Chemist: 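Dropping the structure in here first, questions after.
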Amino acid sequence: MSQDNKGFRPLTLSEFDTLTHLLSKLLSTQQSPVIIPGEAILGIEAIAAGISAPGRKILNIVTGPYGDIFGKWLERGGAEVIEVKVPFDEVITVEVVTAAIERYNPCALSFVQGEAVTGGTNPTKEILDIARRSNLITVADSVSAIGGEPVLMDEWGIDFVAIGAQKALAGPNGISAVGISSRGWEFLASNEHAPRNSILSLLDLRCPHTSSAPLRVPANIPVLEARALIEALTLVEQEGLEVVNHRHQLASTTAIAGITALGLEPWQRKESGYSPLTTTVRIPQGDSNLRINEPIGIVAPGDGELYGKLLRINHFGANANQQSIEQAITTLAELVHQDPANAIAVQRSIWGNEDGR
Ligand SMILES: *Cc1c(COP(=O)(O)O)cnc(C)c1O
């Protein structure tokens, strides 16, 4: 048998450093993000477990199902959780966040930046601005934002940010990362309720870079996933993160133009709240044409409580391109028994203008 079966070489320190460096660049941070040995949801649960404690009051903004779960994890840790929730066809407004901070005086604020499930995106930079003025610890679930829209950890002052590669970055789902600021580390270290000796312990997952022992690759990092992530992030570097963001923005703009030309409506009520990752299509009341039970290409039924209320166009990652958008528009046109020609022409003209730039 061959001795150089590449898949099973342990991860080298050099590969580990490369991955950490790529993740820092991705998040525009000087910090070394913690590599999470599992799906992004593990990092999110670890943040909740690490920051929650009796006596800590945390403002949790809920604009989709992931925010709901985060609030439950915070409660499990004993924190007093103030929930501010909007209907899932809206995103949060800065006014509502400001009022809630003034009224409840929390020590931390958590929210989801981009919502793949509802097709919404929250006014992230503005939320972080207000939070910083009130000196709050901030937590952003940016799993469905990274690669689709900017995530500027240091400039925006995000203390905890969870990301994964399987949405806009076209990468693996079995490994993810959490960026943590110095303030964030202090907030964890000062919490005697933060888990230790646990896969949910960010303090344990932190790579020790100050001890006298030589640096070693943490044993729990899944090797194949780590290599796949390096590959995905290298491709993103080659294309350029801003170009990747722009491709997603264009997919969103053309998807909205296409569905509107078909006489359909976006599920999200405000244009400023449209996610570049997914476009959600409102299913008119009583309409049975759009009630599909399984995905057709990148057109998928709504998840959970949103089933029957919306369809998702999952134009992210490798599908953030013109061909996928055309297919999705054609699929939707077929579902509503319309000729797709006009809608296709509308979106082609937008992509066409782009090519001529
Ligand atoms: C997809 C997603 C997650 C979960 O990511 P997994 O890697 O599938 O666990 C978390 N939060 C948001 C906002 C997401 O869209």
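FYI, side chains are in, hydrogens and waters are out, and symmetry mates aren't considered; it's all heavy atoms of this structure. Remember, predicted model here, so these are calculated numbers, not experimental data. Counting starts at 1 for both ligands and their atoms, following the listed order.
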Chemist: Report yes if the side chains of Phe111 and Thr124 come closer than 4.5 Å at any heavy-atom pair, otherwise no.
Modeler: yes
Chemist: With a 4.5 Å limit on heavy-atom distance, are the side chains of Val281 and Val299 in contact?
Modeler: no
Chemist: Counting each atom of ligand 1 from 1 as listed, which ones have a heavy atom of Ser144 under 4.0 Å away?
Modeler: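 Checking each atom against Ser144, I get 14 (C), 15 (O).
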Chemist: Looking only at non-hydrogen atoms, which of Gln166, Glu39, Glu115 approaches atom 7 (O) of ligand 1 most closely?
Modeler: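 Nearest heavy atom to atom 7 (O) of ligand 1 lies in Gln166.
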Chemist: Counting each atom of ligand 1 from 1 as listed, which ones have a heavy atom of Lys167 under 4.0 Å away?
Modeler: 1 (C), 2 (C), 3 (C), 14 (C), 15 (O)
Chemist: So is Ala40 polar-close to ligand 1, meaning N/O to N/O under 3.5 Å?
Modeler: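 There is such a contact, yes.
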Chemist: When you check the gap from the basic side-chain N to the acidic O, do Arg282 and Asp89 get nearer than 4.0 Å?
Modeler: yes
Chemist: Is it true that a side-chain atom of Arg56 and a backbone atom of Ile51 form a donor plus acceptor pair closer than 3.5 Å?
Modeler: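 Side chain of Arg56 to backbone of Ile51: a pair is present.
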Chemist: Does Lys125 come within less than 4.0 Å of Glu149, counting only side-chain N to carboxylate O?
Modeler: no
Chemist: Main chain of Phe88, side chain of Trp267: is a donor-acceptor contact present, judged purely on distance under 3.5 Å?
Modeler: yes
Chemist: I need the atoms of ligand 1 closer than 4.0 Å to a non-hydrogen atom of Gly114, numbered in the order shown.
Modeler: 13 (C)
Chemist: Return the option from Ile41, Ile44, Asp141, Thr278 holding the heavy atom at the smallest distance from atom 11 (N) of ligand 1.
Modeler: Asp141
Chemist: Going by the order shown, which atoms of ligand 1 are within less than 4.0 Å of some heavy atom of Val112?
Modeler: 13 (C)
